[in-house]
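Encoded as structure tokens, the structure appears first; notes follow it.
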Amino acid sequence: MLLEVKDMAKRYGDKVVLDGACLTVAAGEKVGIAGPSGAGKSTLARIIARLEAADAGAVTFDGATVEAGLKPTAAEQRQIRQAWLGLQMVFQNPEASFSAHMNIGDAIWEGAAYRPGFERGQQRQLVAEALDAVGLPQSAARKRAFELSGGECQRAAIARAIIGNPKLIVCDEPTSALDVTVQANIMALLEEIHATRHTAFLFISHNQPLLDHFCNRIYEV
């Protein structure tokens, strides 16, 4: 199993956000998480991506485990860092996920810069290939996020996610801020990435028809 979440719990003060959440994602699978706003979907995604710590439970990704409340050994920390390089995230607000001081080309390169096997000398070629893969012109590499449309910015975020050939992409409401036509184009792009790269997806949305169409399995939170 590529990803396994066991008994995940999280609270903010007196508010319980997650209580015993469990899920699995197999290699190459497209798994959805459904639920209303405030149900804890984004919190779960951030914990899986190690952007936030859980109060209880464990996440295992690509053979490495992070367990709430336990400090890993130095060797385990190295294993965890190495494993999580194979996970990328696409956020609801793509512009906010880019630095205002960095051009799109450099920002996309960050998706591969820390992964073994990728060297600085490959940056220009790999960024160009990533832009092609998501249907953006090469000129986009010289722009900043605020100079792109919402759809273009989300394509750039997807380019950053795929440039390092991750095993799993976590998508947190990636189309909710887009109009219907752009949303359809982004979903078609994700389908193409899955078909050509066999990347696994954990796709979070409150849009049930979209989840039904894209995902193999769906969890409710």
Side-chain angles (χ1 to χ4, degrees), residues 1-26 29-72 76-77 79-81 83-99 111 150 153-154 157-158 160-161 166-178 183 186-187 190 199-221:
M1 192 61 61
L2 180 62
L3 173 70
E4 185 172 13
V5 175
K6 289 185 177 180
D7 302 322
M8 191 62 62
K10 181 69 177 180
R11 64 190 304 151
Y12 300 107
D14 295 331
K15 182 180 180 181
V16 176
V17 181
L18 296 171
D19 185 14
C22 299
L23 63 84
T24 60
V25 180
E29 193 176 21
K30 296 181 293 183
V31 174
I33 300 179
S37 296
K41 302 186 302 297
S42 293
T43 299
L44 180 56
R46 291 179 63 83
I47 291 172
I48 289 170
R50 296 186 66 225
L51 299 175
E52 200 164 328
D55 295 327
V59 180
T60 300
F61 177 66
D62 201 19
T65 299
V66 175
E67 189 167 352
L70 293 183
K71 184 176 180 179
E76 289 169 338
Q77 288 176 359
Q79 183 187 20
I80 289 166
R81 285 195 299 268
W84 257 264
L85 289 173
L87 183 152
Q88 290 289 331
M89 192 162 177
V90 177
F91 298 90
Q92 179 178 2
N93 184 346
E95 183 177 337
S97 73
F98 287 107
S99 168
C153 202
Q154 196 60 291
I158 294 168
R160 179 178 58 190
K167 295 182 179 182
L168 174 68
I169 297 177
V170 179
C171 297
D172 185 13
E173 299 277 9
T175 63
S176 63
L178 306 176
Q183 180 185 95
I186 293 297
M187 293 309 301
L190 296 181
T199 308
F201 282 88
L202 183 61
F203 194 94
I204 297 166
S205 180
H206 63 272
N207 186 329
Q208 192 66 47
L210 187 151
L211 288 169
D212 291 339
H213 179 76
F214 182 70
C215 299
N216 306 123
R217 294 186 294 115
I218 299 171
Y219 289 92
E220 297 278 348
V221 296

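Quick note: numbers below take in every heavy atom, side chains included, and nothing from hydrogens, waters or symmetry partners.
Using modelled atom types, one side-chain atom of Glu173 and one backbone atom of His206 make a donor-acceptor pair closer than 3.5 Å. Using a distance-only test at 3.5 Å, with no hydrogens or angles considered, no donor-acceptor pair links the side chain of Lys41 to the main chain of Ile33.
Taking Glu52 as the reference, Lys10, Tyr12, Thr43, Arg46, Ile47 meet the side-chain contact (heavy atoms from CB on, under 4.5 Å) condition, with sequence neighbours excluded. Looking at residues two or more places apart in sequence or on another chain, you find no ring-ring contact (aromatic ring centres under 6.0 Å, His included) involving Phe98. Residues satisfying the side chain to side chain donor-acceptor pair (under 3.5 Å) test with Ser42, not counting sequence neighbours, are Asp172. Remark: Pro94 engages Cys153, Gln154, Ala157 in a side-chain contact (heavy atoms from CB on, under 4.5 Å) (not counting sequence neighbours). With sequence neighbours excluded, the residues satisfying side chain to side chain donor-acceptor pair (under 3.5 Å) with Arg217 are Thr24, Glu29, Tyr219.
Aromatic ring orientation, Phe201 versus Phe214: perpendicular (interplanar angle above 60°, classes split at 30° and 60°).
One distance of note links CG of Asp55 with CE of Met8; it measures 10.0 Å at 0.5 Å rounding. Distance check, rounded to the nearest 0.5 Å: CG of Leu44 to CG of Leu18 gives 5.5 Å. Between the OG1 atom of Thr60 and the CD1 atom of Ile80 there is a distance of 9.5 Å, given to the nearest 0.5 Å. Rounding to the nearest 0.5 Å gives a distance of 11.0 Å between CD of Gln88 and SG of Cys171. Here Ile204 contributes atom CD1 and Ser176 contributes atom OG; the two are 11.0 Å apart, rounded to the nearest 0.5 Å. Note that the OG1 atom of Thr65 and the CD atom of Gln79 stand 7.5 Å from one another [nearest 0.5 Å].
Looking at Ile186 and Gln183, their side chains never come closer than 4.5 Å, going by heavy atoms from C-beta outward. Inter-residue side-chain proximity for Lys6 and Glu67 is flagged as unmet; no heavy-atom pair is nearer than 4.5 Å. Residues Phe61 and Leu2 have side chains in contact (heavy-atom distance under 4.5 Å, counting atoms from C-beta outward).
The side-chain contact (heavy atoms from CB on, under 4.5 Å) test with Leu202 singles out one residue from Leu87, Ile169, Ile48, and that residue is Ile48.
Scanning both residues, Ser97 and Arg160, for their nearest heavy atoms gives OG-NH2, 2.8 Å. Between Met89 and Ala49, the shortest heavy-atom distance links the atoms SD-CB, 3.8 Å. Between Val170 and Ala45, the shortest heavy-atom distance links the atoms CG1-CB, 3.9 Å.
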request  = Apply side chain to side chain contact (heavy atoms under 4.5 Å, CB included) to the pair Val31 and Asn216, showing each step before the final yes or no.
outcome  = CA-CA 6 Å; Val31 174; Asn216 306 123; 5.8 Å; no

request  = Might you work through the side chain to side chain contact (heavy atoms under 4.5 Å, CB included) test for Lys71 and Glu76, ending with a clear yes or no?
outcome  = CA-CA 9 Å; Lys71 184 176 180 179; Glu76 289 169 338; over 6 Å; no

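Pairs of residues two or more places apart, or lying in two chains, that qualify as salt bridge (Lys or Arg N to Asp or Glu O under 4.0 Å) and include a residue from residues 56-66 are Asp62-Lys167.
Counting non-hydrogen atoms of other residues, nucleotides and ligands closer than 6.0 Å to CG of Asn207 gives a total above 12.
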